[in-house]
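Let me begin by presenting the structure, written as structure tokens, before commenting on it.
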Amino acid sequence: MFAYIEKIKEISNRLLKESTVDLIIGFRKGTVPMMNEPCFAKTPEAVDGLVWDSNCGINLANYLANRKEKIGIVSKGCDSRNIVTHIIENKIKRDQVVIIGVPCKGMIDRHKIEAMFDTEIEAVTEADGRLNIKGDGVDTAIDKKDVLQQNCTICTHRNPVIYDELAADLVEEQTDVDKYEDIRRIEDMTPEEKWEYFEDLLSTCIRCYACRNACPLCYCPTCFVDESQPQWVGKSQNPTDIRTFHFLRAYHCAGRCTDCGACERACPMGIKVRILTKKLEKDCLELFDWESGLTLEKRPPLDTYRPDDPDDFIK
Amino acid sequence: MGIEPGRLHFSWISSAESVKFVDVVKETVEAVKALGPNNNFIKTTAKVA
Ligand code: SF4
Ligand code: SF4
Ligand code: SF4
């Protein structure tokens, strides 16, 4: 981790000094543990504040859309896939970004750690795959691999898919993972069971829209949930409105979602919102052989037509 | 999400295929009637004035 950040700083300083970029987007330490913040560094002094550890789960591609400057961006595997998606969707130009690739070893899930202890966690430090957790009356070490974000445990693209600089050697990709075990379980349910399942899943949603705001795909100037003329969806806490918001947002991410987990990470209520986007991700893989954000060469399934597109559902 | 198969139908019908249109509508209406009223996606809480 230490070597990573030294290299990130070195690259960032060089890019700024040579005026290759106007700013660097990276991470700095957050004001609460396990929550690093995005950092926009325009000077070498600001670069000093950059950090890299297992709390960098925010997707930095979220800060790229429609920017005009030249930008150096720190990028994990998933961030790089969302950068590709941004380029495909004309939200940023390829020659505007210098991608500082960071081969990723997974980010930790603060919800999991918080649930393990009764008290507030004051500090989390890490070394050699172990996390040291400190809080009132708590001083204990746990294995990082036990508290990874769920999407990180099944991630098969930890290395950035495009990059101009690399902060470390590429890591070995996970191959032997069952990505869709949870989705298959839901697919096997009866309609009534499904209804119950989602009722329960979304029951605590407070409609703060943190999930949407954290998502790089959600760059619409006016989101459908904010629109009032016409009003596409009710704005209340009513379960029907909540459900409508969630499944419509998921559909807007179809064929685009990289399963980066930023939405789930942002949710203050710990709702597993990825369940919705993951089903669509699975469908895209199975029906269109498509994984989003892997290449600049191909158009995504939802903006192309192929005569052999599956259409069994149309009678 | 818990919407019964049979409540939602998709069809390609050209504007020239009037007979197909009638058939599909009939089938759809029958299938949906067989399922009974849709109790999901109904707002139950009181409307704010
Ligand atoms: S949910 Fe849909 S409308 Fe809202 S920001 Fe995301 S993509 Fe845009
Ligand atoms: S929907 Fe969630 S997992 Fe998918 S790209 Fe957006 S933030 Fe990432
Ligand atoms: S972040 Fe969580 S609580 Fe907020 S709108 Fe999204 S799912 Fe609901």
Side-chain angles (χ1 to χ4, degrees), chain A residues 182-183 185-203 205 207 228 231-254 271-280 282-283 287 305 307 309-315, chain B:
Chain A
D182 44 357
I183 303 297
R185 216 173 40 232
I186 301 170
E187 285 170 343
D188 288 342
M189 292 179 184
T190 65
E192 294 78 32
E193 285 168 346
K194 282 184 194 164
W195 187 267
E196 292 291 316
Y197 175 85
F198 286 105
E199 199 83 335
D200 183 53
L201 178 81
L202 303 174
S203 61
C205 175
R207 286 189 81 173
S228 55
Q231 185 177 314
W232 304 109
V233 52
K235 297 181 187 298
S236 74
Q237 286 287 103
N238 176 289
T240 299
D241 290 341
I242 292 180
R243 195 183 275 248
T244 309
F245 154 57
H246 277 286
F247 88 82
L248 282 182
R249 190 187 93 84
Y251 267 100
H252 289 185
C253 301
I271 297 173
K272 297 193 177 352
V273 282
R274 281 174 41 248
I275 288 284
L276 295 154
T277 43
K278 223 172 140 202
K279 160 69 177 154
L280 296 166
K282 174 171 179 281
D283 283 354
L287 299 171
Y305 169 73
D309 278 346
D311 60 359
D312 297 341
F313 65 98
I314 304 174
K315 281 200 242 93
Chain B
M1 277 224 128
I3 298 169
E4 306 93 321
R7 206 174 277 288
L8 193 58
H9 294 248
F10 293 93
S11 216
W12 267 124
I13 310 174
S14 133
S15 58
E17 294 175 308
S18 58
V19 179
K20 184 175 174 192
F21 178 73
V22 172
D23 288 347
V24 169
V25 170
K26 274 190 188 150
E27 262 174 47
T28 307
V29 170
E30 269 164 36
V32 174
K33 271 193 179 156
L35 283 172
N38 181 14
N39 297 317
N40 297 338
F41 280 105
I42 294 176
K43 284 204 201 177
T44 44
T45 45
K47 276 196 186 132
V48 184

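Atoms considered below: every heavy atom in the structure, side chains included; atoms not considered: hydrogens, waters and symmetry mates. Residue numbering restarts at 1 for every chain, and letters A, B, ... go by the order of the sequence lines. All figures in this text were calculated on a predicted structure; none of them were measured in a lab.
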Among Asp241(A), Leu201(A), Thr244(A), who wins on heavy-atom pairs under 4.5 Å with chain B?
Asp241(A)
Output the distance between atom CG (Asn39(B)) and atom CH2 (Trp195(A)), rounded to the nearest 0.5 Å.
9.5 Å
Most contact-rich option vs chain B, by heavy-atom pairs under 4.5 angstrom, among Arg243(A), Glu193(A), Gln237(A), Glu196(A), is Arg243(A)
Heavy atoms of other groups near Lys282(A) NZ, more than 12 under 6.0 Å:
yes
Does any heavy atom of chain A fall under 4.5 Å from the side chain of Ile42(B), the backbone, both, or neither of them?
backbone
Side chain, backbone, both or neither: which part of Phe313(A) has a non-hydrogen atom closer than 4.5 Å to chain B?
both
Mind checking whether Met1(B) and Leu276(A) have side chains closer than 4.5 Å, heavy atoms only?
yes
Take a 6.0 Å sphere around CZ of Phe41(B) and say whether it holds more than 12 heavy atoms from other residues, nucleotides or ligands.
yes
